[in-house]
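All values below come from the heavy atoms of this structure, side chains included, with hydrogens, waters and symmetry mates left out. Whatever order the structure lists ligands and atoms in, that order sets their numbers, starting from 1. If you're wondering where the values come from, they're calculated on a predicted model, not measured in any experiment.
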Amino acid sequence: MKMKKNVLAVCVMLLAVNAVAAEKTAEQLVAGKKQADITYRQLMEIMGTASAMINEGLVRENPQMVRDGVDLVINHPAPNHKPWLIVAPKDQEEFKKTLVAYDPILDSQAEQIAVTAEKRDWNAANSAASTLMGTCIACHAGWKDKTTDIRKLR
Ligand code: HEC
């Protein structure tokens with residue numbers, strides 16, 4: 001019985017450590033970005049503009065236009081509020097982990113588009129853009145319906 005209690009205590013501790021670690025990492029992610037006076041939603045509108053620029057650069061066969069769109073994705077600012085406030089408190093830990101997991105994936109996938117566009121390998125650049133879009137869509141599928149109006153939270 002005592003043994004079981006100990007195991008349980010360790011599990012609870014690990015969960016707590018995990019939660020703290022996730023928070024710290026999401027905090028660090030946000031702290032590492034330049035803050036802009038925009039909401040998370042407005043930041044996403046910028047992502048939409050970025051993907052439009054990337055696509056336009058691909059059809060025009062213009063590596064610079066692709067690069068500019070890619071840089072918008074990679075160097076996007078942090079919003080003027082903690083990003084996880086857009087979801088209900090019960091979902092915030094999970095959303096923090098999602099942010100931390102997705103950020104580097106978006107960056108490397110976006111970079112791949114610019115690199116292939118620079119080589120004028122438009123088919124490869126197009127597949128890379130499609131991969132990036134798949135990542136955007138994956139996050140939207142999981143989260144877009146779980147958002148709360150940020151204005152009500154401030
Ligand atoms: C970490 C998860 C996540 C990732 C990754 C992500 N988004 Fe979003 N996106 C969201 C959420 C959540 C919303 C809804 C925000 C709101 O309504 O407050 C959203 C909303 C949007 C909107 C506004 C949609 C609408 O309903 O009008 C656009 C445009 C958008 N995202 C583009 C993108 C693009 C392009 C990418 C990839 C380059 C991307 N997003 C990657 C989570 C994500």
What protein heavy atom sits nearest [atom], and how far off is it?
atom                    : answer
atom 2 (C) of ligand 1  : Cys139 SG, 1.8 Å
atom 26 (O) of ligand 1 : Lys144 NZ, 3.0 Å
atom 17 (O) of ligand 1 : Arg41 NH1, 2.9 Å
atom 8 (Fe) of ligand 1 : His140 NE2, 2.0 Å
atom 19 (C) of ligand 1 : Met44 CG, 3.4 Å

*Any N, O or S atom of Cys136 closer than 2.8 Å to atom 8 (Fe) of ligand 1*: no

_Suppose we only count N/O/S atoms under 2.8 Å; would Met47 qualify as near atom 8 (Fe) of ligand 1?_
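Of the N, O and S atoms in Met47, none lies under 2.8 Å from atom 8 (Fe) of ligand 1, which means no.
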
Would you say [X] and [Y] are hydrophobically clustered, going by side-chain heavy atoms of ILVMFWY under 4.5 Å?
X      : Y      : value
Met44  : Phe95  : yes
Tyr102 : Trp143 : no
Ile46  : Leu106 : yes
Ile74  : Ile113 : yes

*What residue among Asp121, Thr116, Leu58, Ile54 forms side-chain contact (heavy atoms from CB on, under 4.5 Å) with Asn126?*
Leu58

*Look only at the side chain of Gln109 and the backbone of Ala128, and say whether a donor-acceptor pair between them is shorter than 3.5 Å.*
no

_Show, in sequence, the C-alpha distance, side-chain angles and deciding distance for Glu93 and Lys97, and conclude whether the salt bridge (charged side-chain N to carboxylate O under 4.0 Å, His left out) test is met._
CA-CA 6 Å; Glu93 278 313 312; Lys97 288 184 196 158; 5.9 Å; no

*Contacting atoms of ligand 1, where contact means under 4.0 angstrom from a heavy atom of Ile86*: 12 (C)

*Should you measure from each heavy atom of Thr147, which atoms of ligand 1 turn up under 4.0 Å away?*
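Within the 4.0 Å cut-off of Thr147, ligand 1 contributes 12 (C), 17 (O).
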
_If the contact criterion is a heavy-atom separation under 4.0 Å, does Val73 count as touching ligand 1?_
no

